[in-house]
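Heads up: numbering here begins at 1 and tracks the sequence.
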Amino acid sequence: MIRRLLARPTGVFAVVVLGLLVVLAAVSLVWTPQDPFRADPFHQWAAPGPAHWFGTDASGRDIASYLLAGTRTTVLVAVGSGVIASVVGIVLTAIGSLTARWVREGTAVLLDILVAFPTLLTAMLLTAIAGGSLGVVIVSVGLSFGVTIARVARGEIRRIARSDYVTAARASGVGGAGVLFRHLVPNAAPLFTVQLSLAMATAVLAEAGLSYLGYGAGSDTASWGTMLADLQTYIGVHPWSATWPGAAIALVVAALSLLGDAVRDATDPRLTTGDRTDPAGGAGTATGDRTDTTGDRTDSASGTGPASTTPGVTA
């Protein structure tokens, strides 16, 4: 699977960007070029150079150090929201697919109602009620997108639940939880992967947007959204300063979105079957070759194919 993932340019891009993000977050735990929160009024708006790689802002803070510290917040939000969305999505999918009919129909109606609320709007409402903090952002985005995952995956899970191997597993005595985790979730994994990557990308955007509005991470937590809000006032005078946090947010969101598509393409057998081409260099697939061979045997039996010209065979 990893080989097929890295064989796609989108997969390579996503793996490189996200791997670099995790490495930088780990490095920022023990080292940053300077104190990301230290203001230096004597070095305001310093240009990028050896002392300040990306320059400084209006307070004299080192932009590179603040960006590096902000990677921790981004990774924490993406992973935390992804875990919560996965748990909520699987639980709601199981309830909406494997329970009694009245429970399934009630869950479907509830999901249709909840999915109508945009994820970012739901997060804003919850943070306005519970107060702005990183934990509230993670929980609100995870719960909101968990509903979306359940709404999208419910139909696929029900389709798989009607397959012959699931029926055989139930007949052999496998319980509901065993069927869910042994058969349903693994076969729906490509769909879950795409939705999970979108959930993590949405979480990064939501955290940046809420921090930009003042509802996200606190003043003692480095956030790319907070930096973008601080620098927007001076974007007409120092446009290069706001480029760094904006580019970082866009790069991570693009990598998370492309990762789901690349993993789906690498793991879904319906999409990888066409990769097995004819060994002789033909355009047909292995399935097509077997069909042709079957056709030759049919012609031989009916006497209309090449075998009908064999000496000794009369009309």
Check: [Y] main-chain N/O paired with [X] side-chain donor or acceptor under 3.5 Å:
| X | Y | answer |
| --- | --- | --- |
| Thr56 | His52 | no |
| Trp224 | Leu67 | yes |
| Thr107 | Val103 | yes |
| Arg8 | Arg4 | yes |
| Ser140 | Val137 | yes |
| Ser163 | Arg159 | no |
| Ser211 | Ala208 | no |

Candidate pair Arg104 and Arg158, rule side chain to side chain contact (heavy atoms under 4.5 Å, CB included), full reasoning: CA-CA 11 Å; Arg104 295 199 307 267; Arg158 293 189 64 183; 4.1 Å; yes
Joint cluster assignment, [X] & [Y], ILVMFWY side-chain distance < 4.5 Å:
| X | Y | value |
| --- | --- | --- |
| Ile84 | Ile95 | no |
| Phe145 | Phe117 | no |
| Met227 | Ile249 | yes |
| Trp53 | Leu20 | yes |
| Leu114 | Leu198 | no |

How many angstroms lie between [atom1] in [X] and [atom2] in [Y], if you round to the nearest 0.5 Å?
| X | Y | atom1 | atom2 | answer |
| --- | --- | --- | --- | --- |
| His183 | Thr167 | NE2 | OG1 | 10.5 Å |
| Leu143 | Thr122 | CG | OG1 | 9.5 Å |
| Leu21 | Leu256 | CG | CG | 8.0 Å |
| Leu92 | Thr148 | CG | OG1 | 10.5 Å |
| Ile160 | Asn187 | CD1 | CG | 5.0 Å |

Go through the side-chain N and O atoms of [X] and [Y] and say whether any donor and acceptor fall under 3.5 Å apart.
| X | Y | answer |
| --- | --- | --- |
| Ser65 | Thr32 | no |
| Ser28 | Arg72 | yes |
| Ser59 | Gln44 | no |

Indicate the atoms forming the closest heavy-atom contact of [X] with [Y], along with that distance.
| X | Y | result |
| --- | --- | --- |
| Ala78 | Val204 | CB-CG2, 4.1 Å |
| Thr10 | Ala262 | OG1-CB, 3.9 Å |
| Asp62 | Pro33 | OD2-CB, 4.2 Å |
| Gly80 | Ile138 | C-CG2, 3.5 Å |
| Ile63 | Ser241 | CD1-CB, 4.1 Å |
| Ala25 | Thr71 | CA-OG1, 3.3 Å |

Verdict with reasoning, Glu207 to Thr73, per side-chain hydrogen bond (donor to acceptor under 3.5 Å, both in side chains): CA-CA 9 Å; Glu207 187 279 323; Thr73 303; 5.8 Å; no
Centroid separation Trp240 to Phe54 less than 6.0 Å: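 Ring centres of Phe54 and Trp240 not closer than 6.0 Å.
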Check: Val88 and Ile149 side chains under 4.5 Å, non-hydrogen atoms: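 Side chain of Ile149 against side chain of Val88, heavy atoms only: no contact under 4.5 Å found.
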Non-neighbouring partners of Phe37 that pass side-chain contact (heavy atoms from CB on, under 4.5 Å), sequence neighbours left out: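 So Phe37 forms a side-chain contact (heavy atoms from CB on, under 4.5 Å) with Asp35, Tyr66, Ala222.
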Name each donor-acceptor pair under 3.5 Å that joins a side chain in residues 189-197 to protein atoms two or more places apart or in another chain, with its distance.
residue	atom	partner	partner atom	Å
Thr193	OG1	Ala189	O	2.7
Ser197	OG	Thr193	O	3.4
Ser197	OG	Val194	O	2.7

Heavy-atom neighbours of His238 NE2 exceed 12 at 6.0 Å: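 More than 12 within 6.0 Å, yes.
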Other residues, nucleotides, ligands: >12 heavy atoms within 6.0 Å of Trp31 CH2: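 Atom CH2 in Trp31 is packed in, count exceeds 12.
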Pair listing, salt bridge (Lys or Arg N to Asp or Glu O under 4.0 Å) test, anchored in residues 41-60, at least two apart: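 Salt bridge (Lys or Arg N to Asp or Glu O under 4.0 Å) check on residues 41-60 returns Asp57-Arg61.
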